[in-house]
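Below: the structure, in structure tokens.
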Amino acid sequence: MPTLRIDIAHTLTESEERRIVWSHAESAELFDELHLVGDLVAQVLICPEGDSKCLVTGTISGVQTLTCSRTLEEFESPFTTEMVVEVERLPIGQQELDDDDDEAFAYKIPQGQDFVDVSECVRQLVILQEPQHPVKNPDEEFIFVTNKPPEEESAIDPRWEKLKALKQKLESK
């Protein structure tokens, strides 16, 4: 199964800066779910924290296709979001994710594994950065336009006339 992975050397002695580019081909299902357009880029710093731990910090940036909440038109929205991932090598069978911490994602990987699959971390971070009500042009004043001719807009609904007549009848009693 294709994944979004970050390679981690078994013996990391110094911090390393990396630029990782993930494409649609690497995880088509995730890219489609998140409505990602083009590549997803991670600019990270991998810092060793002892023999079996390291900290991966940095940013993820990309472009999503969102639907404008005003006009219902689709538009492309660039984004950048922070990422903090703690990686620990343990004698376990497969990679595990602990996302209980609000500040960082904690991954436990088998001792022999030389990468960490951050697909779930990326998925959650991209979803969390999406605006609740995306707007195509937030700086422009929105003017609601109808396709009704002006004479229809100014016409009074006949139900109001009946309600006014009923109100007058009740007031006159």
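What's counted below: heavy atoms across the whole structure, side chains too, no hydrogens, waters or symmetry copies. Being a predicted model, the structure only gives us computed values, none of them experimental.
- Looking at V44 and I20, their side chains come closer than 4.5 Å, going by heavy atoms from C-beta outward.
- By the rule that hydrophobic residues join a cluster once side-chain heavy atoms approach within less than 4.5 Å of another member, V41 and L30 end up as members of separate clusters.
- Nearest approach of Q95 to P110, heavy atoms of both residues: N-CD, 3.9 Å.
- Listed for the S69 side chain is no donor-acceptor partner under 3.5 Å among the backbone atoms of V135.
- Closest approach of F31 and G38 over heavy atoms only: CE2-O, 3.2 Å.
- Atoms CG and SG, from N137 and C68 in turn, are 7.5 Å apart once rounded to the nearest 0.5 Å.
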CA sep, side-chain torsions, deciding dist, call: Q124, F105, side-chain contact (heavy atoms from CB on, under 4.5 Å): CA-CA 10 Å; Q124 289 184 29; F105 290 86; 3.4 Å; yes
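- In this structure, C47 and S15 approach most closely via the heavy-atom pair SG-OG, 3.4 Å.
- Remark: E161 CD is packed, more than 12 non-hydrogen atoms of other residues, nucleotides or ligands lying under 6.0 Å away.
- Rounded to the nearest 0.5 angstrom, Q168 CD and K164 NZ are separated by 8.5 Å.
- Residue P131 comes nearest to L66 through the heavy atom pair CD-CD1, 4.1 Å, listed as atom of the first residue, atom of the second, then distance.
- Closest approach of I6 to W22, counting heavy atoms only: CG1-CZ2, 4.0 Å.
- V63 is not listed as a side-chain neighbour of F79, based on a closest heavy-atom distance of 4.5 Å or more.
- The heavy-atom pair separating L90 from E88 by the smallest distance is CD2-OE2, 3.5 Å.
- L55 is listed as a side-chain neighbour of V84, based on a closest heavy-atom distance under 4.5 Å.
- With hydrophobic clusters built from ILVMFWY side chains whose heavy atoms lie under 4.5 angstrom apart, V85 shares a cluster with I127.
- Put simply, the side chain of I109 reaches to within 4.5 Å of the side chain of V87, judged on heavy atoms.
- Applying the salt bridge (Lys or Arg N to Asp or Glu O under 4.0 Å) rule to pairs touching residues 7-20 yields R5-D7, E16-R18, sequence neighbours excluded.
- M83 is not listed as a side-chain neighbour of T57, based on a closest heavy-atom distance of 4.5 Å or more.
- Using a distance-only test at 3.5 Å, with no hydrogens or angles considered, a donor-acceptor pair links the side chain of S172 to the main chain of K169.
- Side-chain heavy atoms closer than 4.5 Å link hydrophobic residues (I, L, V, M, F, W, Y) into clusters, and following such links, possibly through other members, connects I60 to L97.
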Stepwise side-chain contact (heavy atoms from CB on, under 4.5 Å) test for F75 and T67: CA-CA 6 Å; F75 68 100; T67 302; over 6 Å; no
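- Side-chain atoms of H24 and D39 include no donor-acceptor pair closer than 3.5 Å.
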Working for side-chain hydrogen bond (donor to acceptor under 3.5 Å, both in side chains), residues Q64 and E76: CA-CA 6 Å; Q64 275 184 297; E76 291 185 358; over 6 Å; no
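- Rounding to the nearest 0.5 Å gives a distance of 9.5 Å between CG of L4 and SG of C121.
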Worked verdict on R123 versus L34 for side-chain contact (heavy atoms from CB on, under 4.5 Å): CA-CA 7 Å; R123 187 184 77 73; L34 299 175; 4.1 Å; yes
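- The salt bridge (Lys or Arg N to Asp or Glu O under 4.0 Å) pairs that include a residue from residues 44-59 number zero, where partners must be two or more places apart or lie in different chains.
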T81 and T59: CA distance, side-chain angles, deciding distance, side-chain contact (heavy atoms from CB on, under 4.5 Å) verdict: CA-CA 5 Å; T81 187; T59 60; over 6 Å; no
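- The side-chain heavy atoms of K136 and E73, taken from C-beta on, include a pair separated by under 4.5 Å.
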